[in-house]
Amino acid sequence: METVSVMIPEERLLARVREMAEQITADYEGCELKLVCILKGSVFFTTELAKRIDLPIKLDFMSVSSYGDDTESSGRVRIVKDLDESIRGQHVIVVEDIVDSGRTLEFLLEMLKSRQPESLRLCTLLDKPSRRVTDVKVDYTGFEIPDEFVVGFGLDYAQKYRALPFIGKLSITKEDGETE
Ligand code: IMP
Ligand code: MG
């Protein structure tokens with residue numbers, strides 16, 4: 001059986017998103033900014049963030065796959081959908097839902113860097129620093145969380161729970177009553 005308990009309520013998420021947007025607005029004063037949303041998990045975070053950044057914003061979307069329908073990282077990264085437009089000469093922020101091992105981002109940032117943007121930064125709603133196996137540098141972090149599997153606000157478990165308005169901790173109880 002799967003149960004979800006609230007870890008970060010909606011008001012706290014949105015308050016933090018506002019702070020992050022204010023920071024980004026200040027850091028990129030006078031610039032045009034492109035937000036690269038990593039589908040599908042970052043959709044909710046990206047739209048809330050974009051609405052609160054007081055700069056001219058362009059959006060583009062990319063889909064990569066590093067997870068199957070399980071809670072363990074496979075380490076394999078595959079581009080499922082590439083950006084529609086060039087990022088050459090632009091100020092780009094990659095917007096992620098969560099940085100876990102960092103493998104997805106390590107691959108992605110290297111690839112985007114080779115397309116010669118003017119600048120490239122990383123913004124994530126959640127970070128699980130204890131899980132990191134790469135030295136990916138995160139420029140903007142919403143919340144550092146412990147090593148728990150979380151869902152909601154875009155994050156899924158086997159494509160479920162994305163539309164929950166809060167971040168919740170997922171617990172899976174097996175037949176024998178043991179909790180994962
Ligand atoms: P990484 O390559 O190990 O950093 O994995 C990053 C990706 O794994 C994220 O973009 C999510 O799609 C997924 N992921 C990692 N941890 C969680 C979690 O707790 N809940 C849901 N998805 C997760
Ligand atoms: Mg993701």
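Order of listing sets the numbers, starting from 1, for every ligand and every atom in it. Only heavy atoms go into these numbers, but all of them, side chains included; no hydrogens, no water, no symmetry mates.
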Determine the sole option in E19, Q23, R121 for which the side-chain hydrogen bond (donor to acceptor under 3.5 Å, both in side chains) test with Y140 is passed. R121
Should the pair F44 and F153 be assigned to parallel (<30°), tilted (30 to 60°) or perpendicular (>60°) ring geometry? tilted
To which of D100, V136, L105, L155 does the heavy atom nearest atom 22 (N) of ligand 1 belong? L155
Find all atoms of ligand 1 within a distance of less than 4.0 Å from any non-hydrogen atom belonging to E96, and give their numbers and elements. 10 (O)
With heavy-atom distances below 4.0 Å as the criterion, list the atoms of ligand 1 near D156. 21 (C)
Within the structure, is a non-hydrogen atom of K128 found at a distance of less than 4.0 Å from ligand 1? yes
Checking the N or O distance criterion of under 3.5 Å, is ligand 1 in contact with G102? yes
I'd like to know if L108 and V133 are part of one continuous hydrophobic network [Ile/Leu/Val/Met/Phe/Trp/Tyr, side-chain heavy atoms within less than 4.5 Å]. no
Would you mind listing which atoms of ligand 1 come within a distance below 4.0 Å of any non-hydrogen atom of T104? 1 (P), 2 (O), 5 (O), 6 (C)
Can you name the atoms of ligand 1, numbered from 1 with element, that are less than 4.0 Å from a heavy atom of S101? 1 (P), 2 (O), 3 (O), 4 (O)
Report yes if some heavy atom in the side chain of L39 is under 4.5 Å from a heavy atom in the side chain of K81; otherwise report no. yes
Would the number of heavy atoms belonging to other residues, nucleotides or ligands and lying under 6.0 Å from CZ of R18 be above 12? no
Reference residue E2; test salt bridge (Lys or Arg N to Asp or Glu O under 4.0 Å); the match among K160, K169, K174: K160
Enumerate the atoms of ligand 1 whose separation from the nearest heavy atom of E148 is less than 4.0 angstrom. 19 (O)
Closest to atom 11 (C) of ligand 1 (heavy atoms only, candidates V151, V64, I98, I145) is I98
In this structure, CG of D127 is separated from CG of D97 (nearest 0.5 Å) by 11.5 Å
Which ligand 1 atoms does R103 reach within 4.0 Å, using its non-hydrogen atoms? 2 (O), 4 (O)
